[in-house]
Structure formats: C-alpha cells, structure tokens
Peer 1: 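Mind having a look at this structure? Questions to follow.
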Amino acid sequence: MTGPMPLTLASIRQAPKAVLHDHLDGGLRPATVLDLAAQCGYDQLPAQDAAALGNWFRDAADSGSLERYLETFAHTTAVMQTAEGLHRVARECALDLAEDGVVYAEVRFAPEQHLERGLSLDEVVEHTLAGFREGEQLAAEAGMPIRVVCLLTAMRHAARSLEIAELTVRWRDRGVGGFDIAGAEAGYPPSRHLDAFEYMRANCAHFTIHAGEAFGLPSIHEAVAFCGCERLGHGVRITDDISDSESEPKLGLVANYVRDQRIPLELCPSSNVQTGAVTSLEKHPFDLLARLRFRVTVNTDNRLMSDTSMSREMLKLVNTFGYGWSDLERFTINAMKSAFIAFPERLRIIDEVIKPGYAVLLG
Ligand SMILES: [Zn+2]
C-alpha cells in the first residue's frame, strides 16, 4: 500500500467515470467539423484551421451572449446531416470519452435537427447508433472499454416531442436509453410537452428533463411534479428552494421532494458558469448540494464549447472544493445508480469497474 495517488489531470483520467449529460452536437472535434464541412459543401464556418475553430467555439460560448452560444450549434448540426457525418461524429464521441477514462456514457442529441438533407428520423438514429457501436468496438480493442447509450432529445420550442418520444420507445432495445427535452427554458415550460411524458410513462420508458438551468424553480417543479421526470438536466436552480440564511440550510417542498426521491441532478460545472446559471465555479452550488446529500452527478454538457472533458470537470471540482478520490468515486457511483440501463448492468459496472478502479487510486 502506497497511499492515495495525487489528484492530477493524468491520474483522474485513469479513474473510471460515468457521464449522464453530454450532447453529441456539443462534442465534435474541431478538425472533424472542418472535414465534414468540406465534404458536404458547408461554407459558413467562422475559422479555417482546427485550433482557431476550437478557440472560436470556446470564445463564443464564453461571450455571455445567448445568440453567439446558440450559433455554435448551428455550425455543428450543419455538418451532421448525412449518414457519414452522424456515424463519424458518434464514433469519435465514443472514442474521445473512452480515452478520457469514461466507462459509461449517455450521449444525447435531437434527431429533428438532422433532417435537412433528406434523412428520416429513424435513419438519423440508425446511423448515429452505428457510429457509437463502432466507437465502442474500437475503444474495446484499444483496451479502454466503454458502454455508450443514446438519449433522444426533443426541442422544447418545437412541436415534435410526442414523435421523438415514440422514436425513443421504438429504438429502446437497440441502443437508445431514454428521452429528454432541451432548448430555451423561459416560455417553454416542461408541461407543454405533457403528452410526450405521459407516453413515456405509459411505456415504462426513461426520461430526463433540462430544467432549472436558465429558469428557476417553477420549471423544476413542473418537471418533477407534473411530468414525473426521473432525473433533472442541470437543476442548479433547486437552490432557489434552499434558504441558507440560518446556520442550517432549510429546504422547501420541491427541494425536499427532489432529495427524498433521490432525483439525480445532472450538474455541468463549466457549462453552468458559461450560460450564466451560476456566476463562477466558486459560487456553484455543487458542494452545497453534495453536502446536503442530494444525488449530485458530474457532467460535461458540451465538451467542444466548454473545451472540457469529464476529467477536467472533476479536476475543477477538486481544485475548487478540495474533493478527494472517495468524493469522486461517490459522484461516479451516483451517476451509475441513476443510469438508464437495467439494474443488474448498473450494479455490474459499479462492482466490477468503478469500485476496483478507485480502490487502486486510493492506494
Ligand atoms: Zn444540456
């Protein structure tokens, strides 16, 4: 026994990690964006070499302007409109996550945003899943096995959520694990898509909801109380229902319910700062929520726009809040317990991959 391994980016990369909230169209390699744009004749990219393009994505996401932030996704989805484009992006996503030490990933995207060049919703899903399968196979051959599950997102400002919920159920035994809604929160409450969530519940199918990121508590309340979501995408604004005016933080009805029901919070530290959900990492409620024993999980959201990875997000939390290996292990097990795969499979990854992996690092 040599004691715990020092916490560095390199050692955290060796730790087994699980991510529940990662967007396929937010995680492309800059070089791939350039290649695919050339292949499909897309000439609107703001930079012509990989380094400059990577910087542009990060700066646009950092700018504090929602328009510039959303513009970044116009470029990535523009090059993901063909079978080849979707397949390649999905394959590289699986490989990049595996190289970072992620052993279980749920990667989401909105099929309705990939129909511009004639693919059907089912074809979009089919090619994306094929890319994930190839990426998993290549990662396993390289000695870094990963399981990738796909979540299908509906855009909350659009009217296709029931259709996407049906698509999710149609593909659930073939690599799709669940459903989600995303997009501008204000003005588009989750209850607007109640029929889609009722369809998911009627089919015993999993779903999460982006809520409590830009918009406050009402959005979280609707997501858990009206829609019955199993997890909250971000959910950082649950702090609106926690008063820390006294020495002991007091939880309101919604916060208590979320904690009592063990509803997982898919927290994305860097992204939450970039989108203004919190003002700085130091002010991120991650640590408060972790101490109050909410089921907190660490996530990347958009690796390209935030220039990040699971290991980087964990290192930022370590540097900000002083976490050790056992904390990182707990957050990882929280994520794995909350995964949209069968219970025995979750247990197997926890017992056979995560616990032994952290035991080595703990020394
Ligand atoms: Zn998200």
Side-chain angles (χ1 to χ4, degrees), residues 18-28 57-58 60-62 66 68-77 80 89-90 93 96-97 102 105-114 128 148-158 161 164 168 176-186 188-190 193 206-216 219-220 223-224 227 229-238 263-278 284-286 296-310 312-313 335 338-340:
V19 60
L20 302 179
H21 193 128
D22 185 90
H23 290 265
L24 185 65
D25 52 332
L28 286 75
F57 274 108
R58 194 199 50 222
D62 260 341
L66 186 63
R68 280 194 74 195
Y69 192 84
L70 294 178
E71 189 192 338
T72 61
F73 291 93
H75 295 304
T76 56
T77 54
M80 296 165 68
V89 169
C93 170
D96 291 351
L97 291 169
V102 174
E106 292 183 7
V107 180
R108 64 187 75 191
F109 80 116
E112 68 198 71
Q113 294 191 308
H114 302 270
T128 304
V148 181
V149 167
C150 186
L151 307 187
L152 302 185
T153 295
M155 301 309 293
R156 59 204 308 157
H157 60 269
S161 50
I164 303 303
T168 304
V176 172
F179 172 69
D180 165 47
I181 58 165
E185 230 179 315
Y188 301 100
H193 302 278
H206 297 295
F207 61 96
T208 175
I209 295 180
H210 274 78
E213 180 184 14
F215 204 60
S219 182
I220 297 179
V224 296
C227 307
C229 68
E230 292 162 80
R231 305 195 312 232
L232 284 165
H234 303 292
V236 278
R237 295 285 298 274
I238 194 69
I263 294 174
L265 301 173
E266 303 164 359
L267 299 170
C268 309
S270 293
S271 167
N272 294 156
V273 175
Q274 273 184 311
T275 61
V278 297
H284 198 290
F286 189 98
V296 294
T297 66
V298 184
N299 299 277
T300 45
D301 210 12
N302 300 297
R303 286 173 285 118
L304 171 63
M305 288 74 177
S306 296
D307 189 20
T308 196
S309 63
M310 274 302 285
R312 284 179 199 277
E313 292 302 297
S338 314
F340 289 164

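Just follow the structure's listing: the first ligand is 1, and inside any ligand the first atom is 1. Throughout, residue positions are numbered sequentially from 1 according to the sequence presented.
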Peer 1: Show your working on side-chain contact (heavy atoms from CB on, under 4.5 Å) between T153 and I164 and close with a plain yes or no.
Peer 2: CA-CA 7 Å; T153 295; I164 303 303; over 6 Å; no

Peer 1: Please report how many protein N/O/S atoms lie under 2.8 Å from the Zn ion (ligand 1).
Peer 2: 4

Peer 1: Only counting residues at least two apart or in another chain, list the ones meeting ring-ring contact (aromatic ring centres under 6.0 Å, His included) with Y188.
Peer 2: none

Peer 1: My understanding is that only residues two or more places apart in sequence, or in another chain, count here; which of them pass side-chain hydrogen bond (donor to acceptor under 3.5 Å, both in side chains) with N302?
Peer 2: Y69

Peer 1: With distance as the sole criterion, is a donor-acceptor pair present between the side chains of T300 and D22 under 3.5 Å?
Peer 2: yes

Peer 1: Not counting sequence neighbours, which residues clear side-chain hydrogen bond (donor to acceptor under 3.5 Å, both in side chains) with S270? List them please.
Peer 2: E313, K316

Peer 1: Please state whether the rings of H210 and H23 are parallel, tilted or perpendicular, taking 30° and 60° as the class boundaries.
Peer 2: tilted

